[in-house]
Q: 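Before I ask anything, let me first share the structure, which is written out below as structure tokens.
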Amino acid sequence: MTVGSLLALLVPALAAYLVLRRLWGGSRARLGRALAAATAPGLGIGFASCVYFLLLLLTRNHHSAVRLDAGFWILSTVGLLAYDVIAPGASRQRANAEDDAAARASWGPALVVTVAGLLALSALAAASFWLHWTLNPHGEWDAWAIWNLRARSLLTGADWTAPFSAAIGWSHPDYPLLVPLTVARSWAYSGRESTVVPAVIALIFSMSSIAVVVISVGRLRGWTVGLLSGMALLIARTYVFQSSCQCADQPIGFFILVAIVFLTMSQGEIDPRPFLVTGGAAAGLAAWTKNEGALLLVLIFLVASVLARRGRALLSLTAGAAVPVLVLAIFKAGLSPSNYLFDQQTIGEIAGKIFATGRSAIVIDQFVRRIPAWGEVPGGALAGLGLAVALTASPDRRSAGRAAFALMLVCAMFIGYGLVYLITPAPLEWQIATSFDRLLTQLWPTTVWAAFQLSSSGPSREAGSSRRVT
């Protein structure tokens, strides 16, 4: 991986980090440096793909787009750094003091054991990732047949819009472009293709997901529980395997996690706007990653419209999601062919499948058999998660509410996936067998986060947080 490729990923991540810290700087809400650092790489990469897409539309070639893109991100980052230096330091000092206070932990035996356990599992996951990449440098089937293939077509084709032709419908040319554009953009920066780039991008999203779960659970429920949540996330062998497949399921899983976690944490805050802006951005980027993300985007806005007493919540969500949703709308309206779910069957046929009891029975039977076994660990990953939470359970009203809210959204996403299975024109059992593991991978980090809201390992970090007076 060249210096150019690294800068293509790191500079937007730094810009995103500075924006997140500034977003929270004037607010009573709190976002520690560690959580901002965990969230920033994915958001930065996502918005960089949006900017690059717009530049390609403007310039029609990668050579000009790269120059403009580099100038945009360098100027933006320098401007944010300069603003951070000249801005009043009181809020930064206060935030730094809170970060230091949150970082303190009593190094008892439980914390030492969980630190060692997470490090050991992380080392095993890293070894598995490296071994899988060395054996499959181009990724698994969907990676080289869809995502990396599209990245190469975007970069090397005479016409960068050619990969969206309906003539190659088998490669799902209607899929959004966050992942292939991120890979193509990094290759354009380096001047050559490298199998390391998509692997590094996959690793960034995987590590960021783990970090967001560990840090956010740790700040809310205690650091021993936070580290234990990271162990529960990694104990699922299927999740670790999918991390190295170079598909879009890890990136969209990260965005689902950030969107639901930040929307959940916004509830009860005196100033929920920073949470909602960040959650809206993640939901919009999820829709720009895979078609499943559109479901998340709709759910997030529906829930916010029901819960919000004022229109400000929807405005904050809209502000965060505006850029990726605009880019997605341009892509779907001007470049993307129709989705395979709808171009191969009529509305009447789709309705008939939804109400066909035989198809529903197949989907339910497949779910009942596959969910408990998911994870490729003895007893299943969900059973292991349930046991870990049961052994550390110490819920309060606020944490139970967070768990219920997040799990409600996860279940709604899963029901939506089930409806897509019902209407698929592909053979139903084949469709489930080839995609089920990846769909659960998308929801696994959020499920772990929600479950561990019921656990506690010591004094909560919520005691000093700003909450709405009820």
Side-chain angles (χ1 to χ4, degrees), residues 1-27 31 33 36-89 91-92 95 151 154-155 160 177-192 197 200-201 204-205 208 251 255 258 273-274 277-278 280-282 284-285 288-289 316 318-328 330-331:
M1 190 167 186
T2 66
V3 173
S5 295
L6 282 174
L7 290 177
L9 302 174
L10 293 179
V11 175
L14 176 57
Y17 174 80
L18 294 171
V19 169
L20 286 173
R21 293 294 291 172
R22 180 53 51 189
L23 184 64
W24 261 263
S27 170
L31 183 72
R33 287 173 295 185
T39 308
L43 295 181
I45 288 172
F47 277 101
S49 71
C50 295
V51 172
Y52 198 68
F53 175 77
L54 294 175
L55 290 175
L56 280 177
L57 285 177
L58 176 67
T59 64
R60 313 301 295 182
N61 69 85
H62 288 276
H63 183 72
S64 300
V66 164
R67 290 186 173 184
L68 292 173
D69 186 78
F72 172 83
W73 286 108
I74 291 172
L75 289 175
S76 298
T77 304
V78 170
L80 288 166
L81 285 170
Y83 183 74
D84 197 55
V85 169
I86 64 175
S91 62
R92 290 201 305 272
L154 288 168
L155 181 66
W160 72 272
L177 297 178
L178 186 147
V179 171
L181 264 182
T182 299
V183 175
R185 174 177 172 272
S186 298
W187 282 341
Y189 266 75
S190 67
R192 64 184 182 88
V197 167
V200 168
I201 292 169
I204 288 173
F205 278 105
S208 295
F255 293 124
V258 173
R273 290 172 297 177
V277 170
T278 306
L285 291 171
W288 178 230
T289 305
S316 296
T318 302
V323 172
V325 169
L326 172 64
V327 167
L328 179 65
I330 294 173
F331 170 69

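All residue numbers refer to positions in the sequence shown, counting from 1. Here the structure is a predicted model, which means the values were calculated and not measured.
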Q: Set out, in order, the CA-CA distance, both residues' side-chain angles and the distance that settles side chain to side chain contact (heavy atoms under 4.5 Å, CB included) for L54 and I330, then state yes or no.
A: CA-CA 9 Å; L54 294 175; I330 294 173; 4.1 Å; yes
Q: Where is the tightest heavy-atom contact between W73 and A48, given as atom of each residue plus distance?
A: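 Smallest interatomic distance, heavy atoms only, reads CZ2-CA, 3.4 Å.
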Q: Where do V66 and A188 come nearest, in terms of heavy atoms and distance?
A: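 Shortest heavy-atom contact: CG2-CB, 3.4 Å.
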Q: A15 and T77: which non-hydrogen atoms are nearest, and at how many Å?
A: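 Smallest interatomic distance, heavy atoms only, reads CB-OG1, 3.6 Å.
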Q: Would you list the pairs meeting salt bridge (charged side-chain N to carboxylate O under 4.0 Å, His left out) in which at least one residue belongs to residues 1-16, sequence neighbours left out?
A: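 Residue pairs passing salt bridge (charged side-chain N to carboxylate O under 4.0 Å, His left out), neighbours aside: none found.
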Q: What's the separation between atom SG in C50 and atom CD1 in I45, rounded to the nearest 0.5 Å?
A: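 With rounding to 0.5 Å, SG (C50) is 12.5 Å from CD1 (I45).
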Q: Could you pull out the closest heavy-atom pair between G46 and L178, with the gap in Å?
A: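 For G46 and L178, the tightest heavy-atom pair comes out as CA-CD1, 3.6 Å.
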Q: What closest approach, in Å, do V19 and L80 show between heavy atoms, and which atom pair accounts for it?
A: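 The pair with the smallest heavy-atom distance is CG2-CD1, 3.7 Å.
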Q: Kindly indicate whether the side chain of L285, heavy atoms from C-beta on, has any atom under 4.5 Å from the side chain of V258.
A: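 Not touching, per the 4.5 Å side-chain cut-off.
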Q: So which heavy atom on V325 is nearest to which on G284, and how close?
A: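 Minimum heavy-atom contact is CG2-CA, 4.3 Å.
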Q: Decide yes or no for T278 and L43: does some side-chain heavy atom of the first lie under 4.5 Å from some side-chain heavy atom of the second?
A: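 They are in contact (side-chain heavy atoms under 4.5 Å apart), so the answer is yes.
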Q: Can you run down the side-chain hydrogen bond (donor to acceptor under 3.5 Å, both in side chains) pairs that involve residues 46-57, sequence neighbours left out, and say none if there aren't any?
A: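 side-chain hydrogen bond (donor to acceptor under 3.5 Å, both in side chains) check on residues 46-57 returns S49-W288, Y52-H62.
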Q: P324 versus F47: any side-chain heavy-atom pair under 4.5 Å?
A: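 In short, these two side chains touch, coming nearer than 4.5 Å.
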Q: For the atom pair CG (L328) and OG1 (T289), what is the distance rounded to the nearest 0.5 Å?
A: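 Nearest 0.5 Å value for the CG-OG1 distance: 9.5 Å.
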Q: Within a strict 4.5 Å, meaning less than it, do heavy atoms of the D69 and Y189 side chains meet?
A: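 Heavy-atom side-chain distance check passes, below 4.5 Å.
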Q: Enumerate donor-acceptor pairs with a distance under 3.5 Å from any side-chain N or O in residues 3-12 to protein atoms, sequence neighbours excluded.
A:
from	atom 1	to	atom 2	distance (Å)
S5	OG	T2	OG1	3.3
S5	OG	S186	O	3.1
S5	OG	S190	OG	3.4

Q: For a 4.5 angstrom cut-off between non-hydrogen side-chain atoms, does F72 reach L68?
A: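 F72 vs L68: side chains apart.
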Q: Can you tell me how far apart CZ (R67) and CG (L55) are? Round to the nearest 0.5 Å.
A: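 Between R67 CZ and L55 CG, I get 13.5 Å after rounding to 0.5 Å.
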Q: In Å and rounded to the nearest 0.5 Å, what is the CG to CZ distance from L177 to F53?
A: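 Output value for this atom pair is 6.5 Å.
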Q: Roughly how far apart are W187 CH2 and L154 CG, rounded to 0.5 Å?
A: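 It comes to 10.0 Å.
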